[in-house]
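Positions are given from 1 along the sequence. Nothing here was measured: the structure is a model prediction, and the numbers come from that model.
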Amino acid sequence: MQSTLRLSRCTRLLSIQKNSKQLSKSLATPPVGHQRCMKYEELLPEKDEFQSRHIGPRDCDQLEMLKAIGFQSLEDLTKTAVPARIRRDKDLDIASPMTEYALMKKITQMSTKNEVWRTYIGMGYYNCCVPPTIMRNIFENPGWTTQYTPYQPEIAQGRLESLLNYQTMICDMTGMEVANASLLDEGTAAAEALALAHRHNKRKKLFVSDKVHPQTISVIATRIGSLGLTLEVGDVFNVDTSSKEVAGILLQYPDTTGAIHNYGEVVNKAHADGTLVCAAADLLSLAILQPPGEFGVDICIGTSQRFGVPLGYGGPHAGFFACRKNFVRLMPGRMIGVTRDADGKEAYRLALQTREQHIRRDKATSNICTAQALLANMSTMYAVYHGPEGIRKISTRVHHLTSVLARGLELSGNKMSNEIFFDTITVTPRESLEVIKKNCEAMKINLRYNDDGTVGISLDETSLPEDIDDLFKVFSSNQTVQGILDTQALESDLLKSSFKRKTAYLEHPVFNMHHSETRIVRYMKALENKDVSLVHSMIPLGSCTMKLNSTTEMMPCSLPGFTDMHPFAPVEQALGYKELFTQLEADLCAITGYDGISFQPNSGAQGEYAGLRAIQCYHESRNDRDRKVCLIPISAHGTNPASAQMAGMQVEPIFVRKDGSVDTVHLKEMIDRYRKDLSCLMITYPSTNGVFEETILDVCDMVHEAGGQVYLDGANMNAQVGLCRPGDYGSDVSHLNLHKTFCIPHGGGGPGMGPIGVKRHLMPFLPRHPVIDSPRKGFPADLGTVSAAPFGSSAILPISWAYIKMMGPKGLRKATQIAILNANYMSKRLENYYNTLYKGETGLVAHEFIIDIRDFKKTANIEAVDVAKRLMDYGFHAPTMSWPVAGTLMVEPTESEDKIELDRFCDALIAIRGEIQDIQDGKMDADINPLKMAPHTQEQVISSSWNRPYSREVAAFPQTSTKTPKIWPSVGRIDDIYGDKNLFCTCPPILQQQ
């Protein structure tokens, strides 16, 4: 009370002071009982805003950096760097920033609006018991979440080993010969499998069983429709392949009703007619169920979600893809292989990984950005932790509970549709559906209600006997689990049938020696310690935007209200997610200038595909079906032409000028040439070459005048947020890399998230979903479904929501300005040592820049790869190498790196330039020097046989900053020859015996 009175008195005195100068002298003497009169700002200073944590350079550093590049303020830099015709000077229409504490309170409340009922819907999504040690040490660990895709294998051996374990696990469980390192989800994996069948035998007809999950059928229909293929859905036992027109067949095992069938005759007949057979399999069932590889399928796909990954309202989850060895060259996505380093030591690296994205471009048949590395690693560790016996016990327990449920319901007068099943039964209830639904609502239980009046029930690892007793009550049965076990000689039809698995799996030592928490934690940490991530140093990858993924942004992803939601739960139970989607859509529209957002695309590549398909559907709705030409600058992302090809477009390249910008003369020529056939221009802004092009408005106008649309690749939005908006200067659609600009971490090669923003005329053509959406009427063209889950990887959307809410309009604008400042500062610091290849008309770069290494090949035999490998000795991951220009390095510092780190990286590049100079001057051997021999391992440096013409210290400790702490590459230089025939892609015993 006394404090309140004192504060009130101070406030009155301050008011008097403000309004009467005559009292100023008297107020200089504190009133009785006060040492002095505090100002309000002193008593309640402003709380630190999140933006000060997210942005790296301090205010004093910003001034110093601005001075170095010749500017007085960030606004001066902005006015010079961003073309005036597109620059936006007013604040974004989004809410003021929230503190981290307030945000966590808000998002926690939001998560509780999601009602997590006991859900037995299944359909490819199941609850599971995520081991807390895996949740904490991988999913919630920045040492695992903040790495980039392992394109630099010497400092990525940890996750490469884990992903090789994943491939081994998938091969073992499915009975197939080779597997990749994950795909996006089961639906897209199925589409890729049938596309592979088409590529293999060039046939244009595909057959899908009507017992495949409906979301999978919808994704397939969308994908193959744009490729000019035909799809038939029906009874797989009646498919006619004798015409030799069917490229491939897809079946579900067990099928969507839960039934298990003998597909041997289907497979044999298909093979006799040259048709491939693909099986969508349930991974947990294969612990006790005969694997598809044993009855002859060619490809096996599915999801590894129920191996230790939360439901997350549909994602992110790792899809899997396995096949026979003779299809390995056609297999999509990434694969981990085993090779040898420069010392002959066995090591891991990506195999075949560049062929689709950067080499084949518009000839690509798939898109490489289709991995879920983080979630694949979680599933791998789940198998490592439980081992074969643990997995078998979980699988057996789920199946036995399902058998008890089926028996009890049958004894109560309900009819079972499945004779043999694993964890899913389809029931024709004796009670009406109204009674079943009423009972479910009373007990907060979700079941699957089929159009034919049957009810589907899928159990999972979390199911308990008490849950089965409650399910009996739902069906008005007086049965109990204990009563059935006491009176019935219950023996599973599956485990006494010919479908029972007889072969071993997960026999490799890695799956049989880490079953205590002590062992698994040490194993996960040992792998983590082999990798460079953002917890060690900056990762300056141009176009990949490796920025801070803050703890506060990540925390909501672990809230049960978000993690435990089934994607097909009734939408009224997911009001928290609905609120999140609504707010995030509004914020992203305000940031981009678009009118609508679809969150369904679950990667940047999926976003590209969805956006291009929306454009095509728009043209088709206007009877412009011949508009299929997509113009793409040659500097564009490698994924762009691949996505356009997959969307059924004809790709035509556009030249770029010497300054790195689009050649508008050539663009006009191509527009005139294809005026009647022009679908769209696919362009990146700022340019992939790292410059703001002054002509972007004119370019968009040229395309629109010819009846085309503009697809703007959102990869470089980090140079635009708060400064300009694609929807304002002419773009019709963009995908937004939430795993770049909006802080979702890269996860070592996934998850990504690539929602698309569109202008109003394209909104009717956004993706839809067969399970939660009603069919759209009145539109002759329908985009369909691009991902298995309705809202893509919903569980990671809170990250981007939190980033925007905590930064606010001014914070987002400043983040962009600092990103541009950091890039220009680094370019300036390096200008006396390396040439920045492209600059805008103002002499500035955008948020990234390209340094030219090509001349060093002539004078010192040094290439970009040598600089990239040598940077590892300095403790850094290399910038983007040899893209978009061969022989160069593209650097993007992001706004999160402070001046100390920027200078440290620049110092490293300057020191490397000195080493190149030593080679040029003859002071260093042209073939055996620190760059050609980089990186240097600890084993090499301490070896008694060291005989190189430079010291051990020069090799491993070239700068003081590299001494503590030292990041050691775990293997020596690895060759990047992707045609290596000696690669093998499952766990070799020699590598993991220790």
Taking all heavy atoms of [X] and all of [Y], pick out the closest pair and write down the distance.
{"X": "Ile138", "Y": "Leu374", "value": "CG2-CD1, 3.8 Å"}
{"X": "Met331", "Y": "Cys323", "value": "SD-SG, 3.7 Å"}
{"X": "Gly408", "Y": "Ser477", "value": "O-OG, 4.0 Å"}
{"X": "Val481", "Y": "Phe472", "value": "N-CE1, 3.9 Å"}
{"X": "Pro254", "Y": "Asp282", "value": "CD-CB, 4.0 Å"}
{"X": "Pro150", "Y": "Leu350", "value": "O-CD1, 3.6 Å"}

Check against side-chain contact (heavy atoms from CB on, under 4.5 Å), Thr303 and Tyr126: CA-CA 11 Å; Thr303 173; Tyr126 305 88; over 6 Å; no

Aromatic rings [X] and [Y]: how do their planes relate, parallel, tilted or perpendicular, breaks at 30° and 60°?
{"X": "Phe422", "Y": "His399", "value": "parallel"}
{"X": "Tyr125", "Y": "Phe568", "value": "perpendicular"}
{"X": "Phe237", "Y": "His261", "value": "perpendicular"}

Within a strict 4.5 Å, meaning less than it, do heavy atoms of the [X] and [Y] side chains meet?
{"X": "Leu506", "Y": "Met173", "value": "yes"}
{"X": "Ile445", "Y": "Leu471", "value": "yes"}
{"X": "Leu184", "Y": "Gln372", "value": "yes"}
{"X": "Leu276", "Y": "Phe327", "value": "yes"}
{"X": "His271", "Y": "Asp298", "value": "yes"}
{"X": "Tyr382", "Y": "Ile391", "value": "yes"}
{"X": "Ile134", "Y": "Asn377", "value": "no"}
{"X": "Asp185", "Y": "His317", "value": "no"}

Look only at the side chain of [X] and the backbone of [Y], and say whether a donor-acceptor pair between them is shorter than 3.5 Å.
{"X": "Arg430", "Y": "Ser412", "value": "yes"}
{"X": "Gln157", "Y": "Tyr348", "value": "yes"}
{"X": "Asn450", "Y": "Asp452", "value": "no"}
{"X": "Ser497", "Y": "Leu494", "value": "yes"}
{"X": "Asn180", "Y": "Ser182", "value": "yes"}
{"X": "Arg519", "Y": "Met513", "value": "yes"}
{"X": "Asn439", "Y": "Val474", "value": "yes"}
{"X": "Gln252", "Y": "Ser209", "value": "no"}
{"X": "Tyr577", "Y": "Phe562", "value": "yes"}
{"X": "Thr426", "Y": "Thr257", "value": "yes"}

Check against side chain to side chain donor-acceptor pair (under 3.5 Å), Thr133 and Asn137: CA-CA 6 Å; Thr133 185; Asn137 291 291; 3.1 Å; yes

Do you see a donor-acceptor pair shorter than 3.5 Å between the side chains of [X] and [Y]?
{"X": "Ser787", "Y": "Asn602", "result": "yes"}
{"X": "Ser395", "Y": "Arg501", "result": "no"}
{"X": "Thr503", "Y": "Glu294", "result": "yes"}
{"X": "Ser218", "Y": "Thr785", "result": "yes"}

Residues Tyr120, Ser463; criterion side-chain contact (heavy atoms from CB on, under 4.5 Å); working and verdict: CA-CA 9 Å; Tyr120 307 103; Ser463 301; 4.0 Å; yes

Step-by-step side-chain contact (heavy atoms from CB on, under 4.5 Å) determination, Val427 to Ile457: CA-CA 8 Å; Val427 184; Ile457 310 172; 4.2 Å; yes

Test log, rule ring-ring contact (aromatic ring centres under 6.0 Å, His included), inputs Phe320 and Phe307: CA-CA 12 Å; Phe320 67 81; Phe307 269 40; 9.1 Å; no

salt_bridge(Glu461, Arg397) N-O dist < 4.0 Å: no

Note: Asp467-Arg118 ion pair, threshold 4.0 Å (strictly below): yes

Worked verdict on Thr168 versus Val510 for side-chain contact (heavy atoms from CB on, under 4.5 Å): CA-CA 10 Å; Thr168 304; Val510 74; over 6 Å; no

Separation between CZ of Phe475 and SG of Cys440, rounded to the nearest 0.5 Å: 6.5 Å

Interatomic distance, Gln479 atom CD to Leu405 atom CG [nearest 0.5 angstrom]: 11.0 Å

Within 6.0 angstrom of Glu419 CD, more than 12 heavy atoms from elsewhere: no

Steps toward side chain to side chain donor-acceptor pair (under 3.5 Å) verdict (Ser558, Glu140): CA-CA 8 Å; Ser558 299; Glu140 298 175 343; 2.5 Å; yes

